[in-house]
Amino acid sequence: MLQVNFIRDNKEQVLAGLQTRNYKGEQLAIVDKVLALDDQRKSTQTKLDSILAANNKISKEIGGLYKQGKREEAEVLKAQVESQKGKVKELEEEMRQVKAQLTDALLDIPNVPHPNVPPGNTDEDNEVFQDWGNDLPDMGEGAQPHWELGKKYNLFDFELGVKIAGAGFPLFRGKGARLQRGLINFFLDEAHKAGYEEFMPPLLVNEDSARATGQLPDKEGQMYHATKDNLYLIPTAEVPVTNVCRDVILNEKDFPIKMTGHTPCFRREAGSYGKEVKGLNRVHQFEKVEIVQIVHPEKSYEALQEMLNHVEGLLQQLELPYRILTLCGGDLGFTSALTYDFEVYSAAQKRWLEVSSVSNFETYQSNRLKVRFKGGDKKTQLAHTLNGSALALPRIIAALLENNQTAEGIRLPKAIQSYVGMEIIS
RNA sequence: GGAGGAGUGGCAGAGCGGUUGAAUGCACUGGUCUUGAAAACCAGCAUAGGCGAGAGUCUAUCGGGGGUUCGAAUCCCUCCUCCUCCGCCA
């Protein structure tokens, strides 16, 4: 969430940001609401503090009087403090409520989009930041989609997944399982080379962690919830990995913090069915390698570019046609200031598939995470956080299979042949 | 899962109802001394929030939450975590 003081000092900028996100009319009133609640919070605290200060002072006097044996005088003062108790309780309750309302209101305000975020309403308005050009692969008439190829080469089995768990839980087997394992290792090795520390985090997280990275309360329905122990299955490694730095005050010298991790990701994807989700296009459980950076505020857009280059390098090594989109105001994630999506062309489905999303959250996430650092001036301030997929597996596998199908089998790109242990899947 | 013990500042560790936001040591930062370093000495060293132009001052925080009390790090309840023993187990 945004900091109240930032909103107060940059109200026009925040309002303009909301407009980029297509907030109109009454929806913009949220900003004034936040400021009003904050004013109320302050005045309530001033009242409360002055009573508490007076009470504390008297209590100390009582201590002194008891030592001197002046019981009666002490009793008088006791009664005096006691008489304020109701008022204190009342103000404390008011404080609790105002704070809760303020937090709720702040949670309703999305991040301020970066000036480069194009206007627009839907994914159709996303701006192509980097195009592939016209020579998209044409596999001809007989090209098979990945779900057919998976069956043909016995790489994965959706029916068995349904039997064991349910729809959207694919079962990888044989060469399909090896392909997936090889890709994960390839991605992790590349991240390692780029200076990211590798993590193997818990796959279930507690409420505090889910709240800190913003999955709660906004995306409650999208996560699997182990209610008995009140733990959530992670929808992305971003959650456990970013939480490494929760409530930490870093030293400026620690920057940049670069973390990576491979995890399965669990998403309920409630309400999405149909063609768009066929095969591996959208599943409840998938593998992903995530990269996270925590950096000095002045360096975050450099870091974003670096992450962009990293993801681009992966796709080039995989020899897949890709394009990069700048998400428009309407499609931009609630917590993000600037997001680039990577899409890979699926030759048989004849459509672009999103395989990575790289975002700069600036201080929006770190404010809730309380990731701060001390700069040269000894002041603590919020760090910037960024993350991106590098990469998500299922759609990469879909594109690899579809784009590389030949009569002899599926020819793997050079970069991963040693990882998978074969040149061709036949 | 059962029984017992413990959680205090970056770390170690006092305090166990009254001016204690918290002794002391270490670490860290600045200074004195020194050609330089070490040692020694002096000073500083938590976070968040309110009020204030500022100096500053007030409030909250001793694992989390709640309670008792004029007053809680200290007493009570509850949750969490760690340690020891027993049981179970990949």
Side-chain angles (χ1 to χ4, degrees), chain A residues 1-9 34-106 200-212 216 225-232 240 243-255 257 264 363 365-383:
Chain A
M1 57 190 175
L2 294 174
Q3 298 168 93
V4 184
N5 287 338
F6 174 84
I7 298 175
R8 193 177 292 282
D9 298 339
V34 161
L35 295 179
L37 282 167
D38 191 47
D39 287 339
Q40 196 187 338
R41 190 201 103 241
K42 285 183 186 176
S43 74
T44 306
Q45 189 178 342
T46 305
K47 277 186 249 169
L48 178 61
D49 280 359
S50 72
I51 296 176
L52 288 175
N55 285 356
N56 285 345
K57 197 169 162 232
I58 295 172
S59 292
K60 283 180 185 171
E61 284 172 25
I62 293 173
L65 290 172
Y66 266 110
K67 273 187 184 155
Q68 296 167 40
K70 298 179 180 171
R71 290 194 163 268
E72 282 177 22
E73 286 178 48
E75 291 300 326
V76 175
L77 292 179
K78 265 195 194 180
Q80 204 176 321
V81 176
E82 187 121 45
S83 70
Q84 294 297 313
K85 276 198 157 179
K87 189 72 183 164
V88 169
K89 274 250 186 311
E90 199 179 290
L91 286 169
E92 278 175 348
E93 180 54 30
E94 188 180 330
M95 202 61 185
R96 240 192 302 275
Q97 284 181 15
V98 173
K99 276 186 176 172
Q101 285 172 28
L102 179 60
T103 304
D104 285 350
L106 279 171
M200 289 186 83
L203 305 181
L204 283 85
V205 295
N206 57 31
E207 220 181 301
D208 283 346
S209 296
R211 199 169 293 285
L216 290 177
H225 188 187
T227 51
K228 199 158 187 177
D229 296 294
N230 198 23
L231 295 170
Y232 293 86
N243 267 284
V244 166
C245 293
R246 165 155 57 93
D247 286 325
V248 171
I249 299 180
L250 299 155
N251 195 302
E252 205 168 2
K253 284 176 252 169
D254 300 331
F255 289 141
I257 292 175
T363 61
Q365 205 173 40
S366 57
N367 188 29
R368 240 201 288 190
L369 280 159
K370 299 207 189 70
V371 189
R372 292 157 293 171
F373 71 98
K374 269 201 202 331
D377 56 358
K378 304 263 180 193
K379 271 192 182 168
T380 53
Q381 55 174 315
L382 296 171

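Letters A, B, ... mirror the listed sequences (proteins, then strands); counts begin at 1. Just so it is clear, the values below take in all heavy atoms, side chains as well, and ignore hydrogens, waters and symmetry mates.
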(Q) Suppose we define a pair by two distances each less than 3.5 Å, Watson-Crick or G-U wobble; what does B/A43 pair with here? (A) B/U29
(Q) Can you measure A/Asn55 atom CG to B/A60 atom P for me and round it to whole angstrom units? (A) 10 Å
Q: Would you mind reading off the distance between A/Glu92 atom CD and B/G50 atom P, rounded to a whole angstrom?
A: 17 Å
Q) If the C1' atom of B/A73 is compared with that of B/A60, how far apart are they to the nearest Å? A) 14 Å
Q) Of the candidate nucleotides B/C70, B/U47, B/U59, which contains the atom at the shortest distance from the side chain of A/Lys85? A) B/C70
Q: Find the distance A/Lys60:NZ to B/U20:C1' and express it as a whole number of Å.
A: 9 Å
Q) Out of B/G66, B/G50, B/A46, which nucleotide sits closest to the side chain of A/Lys374? A) B/A46
Q: Could you tell me whether the side chain of A/Asn230 reaches within less than 4.5 Å of the side chain of A/Asn206, counting heavy atoms only?
A: no
Q: Write down the partner of B/A38 under the Watson-Crick or G-U wobble criteria, each distance required to be under 3.5 Å.
A: none
Q.
For a 4.5 angstrom cut-off between non-hydrogen side-chain atoms, does A/Val205 reach A/Leu231?
A. no
Q) Under a 3.5 Å cut-off for both distances, is B/U69 Watson-Crick or wobble paired, and to whom? A) none
Q. Judged by modelled atom types alone, do A/Gln97 and A/Gln101 share a side-chain donor-acceptor pair under 3.5 Å?
A. no
Q. With the threshold set at 4.0 Å, does a side-chain nitrogen-carboxylate oxygen contact exist between A/Lys42 and A/Asp39?
A. no
Q. Where does the angle between the aromatic ring planes of A/Phe373 and A/Phe255 fall among parallel (under 30°), tilted (30 to 60°) and perpendicular (over 60°)?
A. perpendicular
Q: Can you figure out which of B/U19, B/G49, B/G18 approaches the side chain of A/Asp49 most closely?
A: B/G49
Q.
Strictly below 4.0 Å: does A/Asn56 bring a side-chain N or O up to OP1 or OP2 of B/A60?
A. yes
Q: Ignoring backbone atoms, establish whether A/Arg372 has a side-chain N or O less than 4.0 Å from OP1 or OP2 of B/A48.
A: yes
**Q.** Inter-nucleotide P distance (B/G2, B/G71), Å rounded
**A.** 37 Å
Q | Inter-nucleotide P distance (B/G25, B/A39), Å rounded | A | 16 Å
(Q) Pairing check on B/U84: which nucleotide meets the Watson-Crick or G-U wobble criteria with it, both distances under 3.5 Å? (A) B/A3
Q: When you get a sec, tell me which of B/A48, B/A60, B/G71 is the closest nucleotide to the side chain of A/Thr380?
A: B/A48
Q) According to the Watson-Crick and G-U wobble definitions, with both distances under 3.5 Å, which nucleotide is paired to B/A14? A) none
Q. Which whole number of Å gives the distance between the C1' atom of B/A90 and that of B/C82?
A. 23 Å
Q | Presence of A/Arg41 side-chain N/O under 4.0 Å of B/G50 phosphate oxygens OP1/OP2 | A | yes
Q: Searching all strands shown, indicate the nucleotide that pairs with B/C62 (Watson-Crick or G-U wobble; both distances under 3.5 Å).
A: none
Q) CD of A/Glu82 versus P of B/U68: gap in Å, rounded? A) 11 Å
Q: For B/C89, give its Watson-Crick or G-U wobble partner with both distances under 3.5 Å, or none.
A: none
(Q) Say we look at B/C45 and B/C28: how far apart would their C1' atoms be, to the nearest angstrom? (A) 8 Å
Q | Side chain of A/Arg96 (C-beta onward), nearest among B/G18, B/C51, B/G66 | A | B/G66
(Q) Whole angstroms only, please: what is the CG-P distance between A/Asn230 and B/C79? (A) 15 Å
Q) Between B/U34 and B/U20, how far is it from one C1' atom to the other, in whole Å? A) 40 Å
Q: Tell me, yes or no, whether the heavy-atom count around A/Glu93 atom CD, taken from other residues, nucleotides or ligands under 6.0 Å, exceeds 12.
A: yes
Q) Once you round it to whole Å, what is the distance between C1' of B/C28 and CD1 of A/Ile249? A) 15 Å
Q | Check: A/Asn251 main-chain N/O paired with A/Asp254 side-chain donor or acceptor under 3.5 Å | A | yes
Q: Evaluate the side-chain proximity of A/Lys374 to A/Lys379: yes if any heavy-atom separation is below 4.5 Å, no if none is.
A: no
(Q) Could you tell me how far B/C58 sits from B/A40 if I compare only their C1' atoms? Round to whole Å. (A) 40 Å
Q) Between B/G18, B/G67, B/C51, which one does the side chain of A/Ile62 approach most closely? A) B/G18
(Q) Given B/A60, B/C70, B/C51, identify the nucleotide with an atom nearest to the side chain of A/Lys42. (A) B/C51
Q) If you pin A/Lys78 and A/Gln45 to their nearest nucleotides in RNA chain B, which one's is more 5'? A) A/Gln45
Q) Once you round it to whole Å, what is the distance between P of B/U47 and CG of A/Leu250? A) 14 Å
Q. Which of these nucleotides, B/G18, B/C58, B/C51, is closest to any side-chain atom of A/Ala53?
A. B/C58
**Q.** Nucleotide forming a Watson-Crick or wobble pair with B/G56, both distances under 3.5 Å
**A.** B/C51
Q: Rounded to whole angstrom, note down the P distance from B/A23 over to B/A14.
A: 14 Å
Q | Spacing between A/Gln40 atom CD and B/G50 atom P, to the nearest angstrom | A | 15 Å
Q | First encountered from the 5' end of RNA chain B, between A/Met95 and A/Ser50 | A | A/Met95
